[in-house]
Enquirer: 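Structure provided below as structure tokens; questions to follow.
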Amino acid sequence: MAGQRQPTDLVVMKGKKHLTKAEIEARKNAEVTAPNDKVRPPAYLTPEQKKKFRKLAKELLEIKLIANVDCDALARLLIAQEQFIEITEEIQRTPLMVDVPVYEMQENPDTGESKRVQVGKRQVVNGERERLMIIQDRCMKQCRQGAGDFGMTVSSRCRLVVPKPQAEKPENKFAKYAT
């Protein structure tokens, strides 16, 4: 089974596969490269989100991992992160357990009527906190997926292969006699 197709520059830099100049040219012509000259935060972001967008976009541009078409994906990541933080703060303010009254049916000996009487309390898991944690989990999944797309997680960085220029070979001292 073949691996994921790698950019031609990376294949050439690795030096593990010999390609002729014609093959290199044909591969480069077949590659799709998106321009990255207009990486700007979308208008729907808040000023604080736009500031974070610019900071992340600058770092991603340095390693050539973002293009113009990725602006909305990065914006969605920032929105999901902000929602995750909001939900997490709300969860911290919400108690895990709540007291609920315990009722029992008791019969009045004088009249023979039955009525519900509170006989105590017990603690149960707070349903509101449970609901918030489900939302938090959804936001976390969105953040993880978006971060993985941009190489912002350890595992996604391990899969990234950033080409590094090969060191120049030292000049052969006998090369001058060859010509």
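Each residue takes its place number in the sequence, starting with 1.
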Enquirer: Just wondering, more than 12 heavy atoms not from Q145 lying within 6.0 Å of its CD?
Expert: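 Atom CD in Q145 is not crowded, with 12 or fewer foreign heavy atoms closer than 6.0 Å.
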Enquirer: Which pair of heavy atoms, one from P42 and one from F53, lies closest together, and at what distance?
Expert: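 What the structure gives for the nearest pair is CD-CE1, 4.0 Å.
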Enquirer: Hey, does V39 have a side-chain heavy atom less than 4.5 Å from the side chain of L74?
Expert: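 No, side chains not in contact.
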Enquirer: Would you check, one step at a time, whether the test side chain to side chain contact (heavy atoms under 4.5 Å, CB included) holds for V124 with M97?
Expert: CA-CA 5 Å; V124 296; M97 304 298 280; 5.5 Å; no
Enquirer: Quick one: OG1 on T94 to CD1 on I91, what's the gap to the nearest 0.5 Å?
Expert: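 Answer for the OG1-CD1 pair, T94 versus I91, is 7.5 Å.
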Enquirer: Between L56 and I79, is there a shared hydrophobic cluster once you connect ILVMFWY residues whose side-chain heavy atoms come closer than 4.5 Å?
Expert: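 Same hydrophobic cluster.
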Enquirer: With a 4.5 Å cut-off on side-chain heavy-atom distances among I, L, V, M, F, W and Y, is there a chain of contacts connecting I135 to F84?
Expert: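 Hydrophobic grouping puts I135 apart from F84.
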Enquirer: According to side chain to side chain donor-acceptor pair (under 3.5 Å), who are the partners of R131, at least two apart in sequence or on a separate chain?
Expert: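 If we apply the side chain to side chain donor-acceptor pair (under 3.5 Å) test to R131, skipping adjacent residues, the hits are E128.
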Enquirer: Step through the shown structure and confirm whether more than 12 heavy atoms of other residues, nucleotides or ligands are within 6.0 Å of CZ on R122.
Expert: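 No.
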Enquirer: Would you call K121 and V100 a side-chain contact if the rule is heavy atoms closer than 4.5 Å?
Expert: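 Contact flag for K121/V100 side chains = no.
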Enquirer: Side chains of P41 and R54: does their closest heavy-atom pair fall under 4.5 Å?
Expert: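 When only atoms from C-beta onward are counted, R54 and P41 do touch, with a gap below 4.5 Å.
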Enquirer: Report the distance from atom CG of N68 to atom CG of D70, rounding to the nearest 0.5 Å.
Expert: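 Nearest 0.5 Å value for the CG-CG distance: 8.5 Å.
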Enquirer: With the side chain counted from C-beta on, respond yes when E86 and E90 share a heavy-atom pair under 4.5 Å apart, and no when they do not.
Expert: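 Contact flag for E86/E90 side chains = no.
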Enquirer: With a 3.5 Å distance limit and no angle check, can you tell me whether N126 reaches the backbone of P95 through a side-chain donor-acceptor pair?
Expert: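 Yes: the side chain of N126 pairs with the backbone of P95.
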Enquirer: Could you tell me whether the side chain of Q83 and the main chain of A80 form a donor-acceptor pair under 3.5 Å?
Expert: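 Answer holds: no.
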Enquirer: Should K51 and E48 count as an ion pair when the cut-off is N to O under 4.0 Å?
Expert: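 Between E48 and K51 there is no salt bridge, as every charged N stays at least 4.0 Å from the carboxylate O atoms.
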Enquirer: Counting distance only, does the side-chain N/O of R116 pair as donor-acceptor with the main-chain N or O of Y103 below 3.5 Å?
Expert: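 No; judged by distance alone, with no hydrogens or angles, the pair does not exist.
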Enquirer: Please step through side chain to side chain contact (heavy atoms under 4.5 Å, CB included) for the pair V102 and Q118, ending with a clear verdict.
Expert: CA-CA 6 Å; V102 176; Q118 182 176 342; 6.0 Å; no
Enquirer: To the nearest 0.5 Å, what is the distance between SG (C71) and CD1 (I66)?
Expert: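 Spacing of SG (C71) from CD1 (I66) equals 5.5 Å.
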Enquirer: With the side chain counted from C-beta on, respond yes when L45 and K52 share a heavy-atom pair under 4.5 Å apart, and no when they do not.
Expert: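 No, too far: nothing below the 4.5 Å cut-off.
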Enquirer: Grouping I, L, V, M, F, W and Y whenever their side-chain heavy atoms are under 4.5 Å apart, do L78 and Y44 come out in a common cluster?
Expert: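 In one cluster with L78: Y44, yes.
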Enquirer: Working to the nearest 0.5 angstrom, can you tell me the gap between C139 SG and I134 CD1?
Expert: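 C139 atom SG to I134 atom CD1 measures 12.5 Å (nearest 0.5 Å).
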Enquirer: Begin from the C-alpha positions of D72 and R76 and carry the test side chain to side chain contact (heavy atoms under 4.5 Å, CB included) through to its verdict.
Expert: CA-CA 6 Å; D72 278 329; R76 286 190 299 272; 3.5 Å; yes
Enquirer: I'd like to know whether M133 forms a side chain to side chain contact (heavy atoms under 4.5 Å, CB included) with I87, so could you lay out the CA-CA distance, the side-chain angles of the two residues, the decisive distance to 0.1 Å, and finally the verdict.
Expert: CA-CA 8 Å; M133 289 177 77; I87 291 291; over 6 Å; no
Enquirer: Considering residues at least two apart in sequence or located in another chain, which fulfil the side chain to side chain donor-acceptor pair (under 3.5 Å) criterion with T88?
Expert: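 Residues passing side chain to side chain donor-acceptor pair (under 3.5 Å) with T88: Q136.
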Enquirer: What distance do Q81 atom CD and M152 atom CE have between them, rounded to the nearest 0.5 Å?
Expert: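 Interatomic distance, Q81 CD to M152 CE, rounded to 0.5 Å: 7.0 Å.
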Enquirer: Measuring only between side-chain heavy atoms, which start at C-beta, is E113 closer than 4.5 Å to E107?
Expert: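 SC-SC contact between E113 and E107 ruled out.
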Enquirer: A side-chain contact here means heavy atoms from C-beta on lying under 4.5 Å apart; do E104 and V117 qualify?
Expert: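 Contact flag for E104/V117 side chains = no.
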Enquirer: Hydrophobic clustering (ILVMFWY, side-chain heavy atoms < 4.5 Å, transitive) - are L77 and L61 grouped together?
Expert: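 Linked within one cluster.
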